[in-house]
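Each remark here refers to the structure printed beneath this line.
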Amino acid sequence: MASVGIVYKYRYGPAEKEARKLASWLQGKGLSVFLEEMESPDRHGVTKAPAPSSIPESVDWLVVLGGDGTLLGAARQAGRYGVPILGVNLGGLGFMTEIPLAKLYPSVEMMLAGRLEWEVRLMLEVVVLRGEEEVCRSIVLNDVVINKSALARILDMNVHIDDQFLTTYRADGLIASTPTGSTAYNLSAGGPIVYPTLSNIILTPICPFTLTNRPIILSDTATVRIEIANEVYEEVALTLDGQVGFDLLLGDRVLICKSEERIRLIKSPHQTYFEILRTKLGWGGGTVKNEFD
């Protein structure tokens, strides 16, 4: 029997309502359905560790009801196993949740009939070494961010690419982004928009002290090593996809490389990626669109 996993936004009534309605509709078609509410970030906006998913790896499709944040959590938990993900936008910008709610059922019908295409997206693996001990390991779809608290000193970060010294960034932080994540924090920090199916790692400093420190696009074969090089007296955080947080100490080494795991995002049959960019970013004199406006 074919099966569908449904992940919906945490404590958001419209998302839960639509999830249960869709579950009943799918069960009426003879499909097995697994429902899961995405976990909530804590009051700082992150969780300390991702919760395990109750959705089995064996599902044939995954439908995500919410915004890009909900999809990011679902990608780390279940989408990482290669199950095709249909993202339905119940949030704001929604670069990855491409399907508007009004098109949910026609899109699901096309998905079940095998009439929708998907794209394979790069994910990154991040490891934190403290001395010789591995103290953190995770994968991300959007980005790995190192940043300081509001009152901390500027960070000195020694960066090596494949054991070759690149530079010491003096900045408020550093972003290592995938092409999928290039329209997230990377874009806000002045980084480039990279077509999402490309396979690159983007390094973008946050408010660099030296203005000639610019974003750099690397091959996906690169391994990036970042080391906190100065003593800081306030919290320095490693944040994964804006959702999972880990505290860094002086001398910690952060290793970032391509993950062997990839996700499959189902493409919208209703608009192209460039149409999404124009709409969401208000290009051509338009305004940024919110699905609930």
For the student: nearest non-hydrogen atoms of [X] and [Y], plus distance:
X: I256; Y: A176; answer: CD1-CB, 3.6 Å
X: P215; Y: G191; answer: CG-CA, 4.0 Å
X: K9; Y: A15; answer: N-CB, 3.8 Å
X: I202; Y: S182; answer: CD1-CB, 3.8 Å
X: A78; Y: V83; answer: O-CG1, 3.5 Å
X: L250; Y: A229; answer: CD1-C, 3.8 Å

In Å, rounded to the nearest 0.5 Å, how long is the span from [atom1] of [X] to [atom2] of [Y]?
X: T272; Y: K267; atom1: OG1; atom2: NZ; result: 9.0 Å
X: L71; Y: L86; atom1: CG; atom2: CG; result: 9.5 Å
X: E109; Y: L112; atom1: CD; atom2: CG; result: 6.5 Å
X: N213; Y: R170; atom1: CG; atom2: CZ; result: 10.5 Å
X: E261; Y: I139; atom1: CD; atom2: CD1; result: 4.5 Å
X: R20; Y: E18; atom1: CZ; atom2: CD; result: 12.5 Å

Side chain to side chain, [X] and [Y], heavy atoms closer than 4.5 Å:
X: K21; Y: Y105; result: yes
X: Y8; Y: L35; result: yes
X: T239; Y: V244; result: no
X: L141; Y: R76; result: no
X: L277; Y: T183; result: yes
X: D143; Y: T204; result: no
X: T197; Y: Y273; result: no
X: D220; Y: N200; result: no

Whether [X] side chain and [Y] backbone form a donor-acceptor pair below 3.5 Å:
X: E37; Y: E16; value: no
X: Q271; Y: E98; value: yes
X: R264; Y: G82; value: yes
X: N230; Y: D156; value: yes

- Query: Hey, is CZ on F209 packed in by over 12 heavy atoms from elsewhere, all under 6.0 Å?
  - Reply: no
- Task: Give a yes or no on whether E117 atom CD has more than 12 heavy-atom contacts from other residues, nucleotides or ligands under 6.0 Å away.
- Result: no
- Are L90 and L101 close enough, and set up right, to give a side-chain contact (heavy atoms from CB on, under 4.5 Å), and what steps lead you there? CA-CA 7 Å; L90 275 69; L101 182 59; 4.1 Å; yes
- Check the pair M111 / V108 against side-chain contact (heavy atoms from CB on, under 4.5 Å), numbers first and verdict last. CA-CA 5 Å; M111 178 186 77; V108 172; 4.1 Å; yes
- Query: Should R121 and E119 count as an ion pair when the cut-off is N to O under 4.0 Å?
  - Reply: yes
- Item | Selection residues 126-137 - residue pairs positive for side chain to side chain donor-acceptor pair (under 3.5 Å), sequence neighbours left out | E125-R137, R130-D252, E134-R137
- Going through the distances and angles, do I226 and Y169 end up as a side-chain contact (heavy atoms from CB on, under 4.5 Å)? CA-CA 10 Å; I226 307 166; Y169 284 107; over 6 Å; no
- Item | For H270, all residues meeting side-chain contact (heavy atoms from CB on, under 4.5 Å), sequence neighbours excluded | I99, K103, S107, S268
- Query: Can you name the residues that form a side-chain contact (heavy atoms from CB on, under 4.5 Å) with T178, not counting sequence neighbours?
  - Reply: L122, L124, T180
- Task: Tell me, please, which residues at least two apart from K17 pass salt bridge (charged side-chain N to carboxylate O under 4.0 Å, His left out).
- Result: none
- Does E57 have any salt bridge (charged side-chain N to carboxylate O under 4.0 Å, His left out) partners at least two apart in sequence or in another chain, and if so, which? none
- Message: Assess, by modelled atom type and distance only, whether the side chains of N186 and S177 contain a donor and an acceptor separated by less than 3.5 Å.
- Response: no
- Task: Verify the distance criterion only: is there a donor paired with an acceptor across the side chains of T212 and T210 at less than 3.5 Å?
- Result: no
- Quick one: hydrophobic cluster around V145, which other residues, with the 4.5 Å side-chain cut-off, linked directly or via members? I175, Y185, I206
Between [X] and [Y], is there shared hydrophobic-cluster membership here, with clusters defined by ILVMFWY side-chain heavy atoms closer than 4.5 Å?
X: V254; Y: I161; value: yes
X: L26; Y: M110; value: yes
X: Y81; Y: V64; value: no
X: L240; Y: L255; value: no
X: L129; Y: L238; value: no

- Message: Between M96 and N142, is the side-chain contact (heavy atoms from CB on, under 4.5 Å) condition met? List the steps.
- Response: CA-CA 10 Å; M96 290 179 287; N142 257 9; 3.9 Å; yes
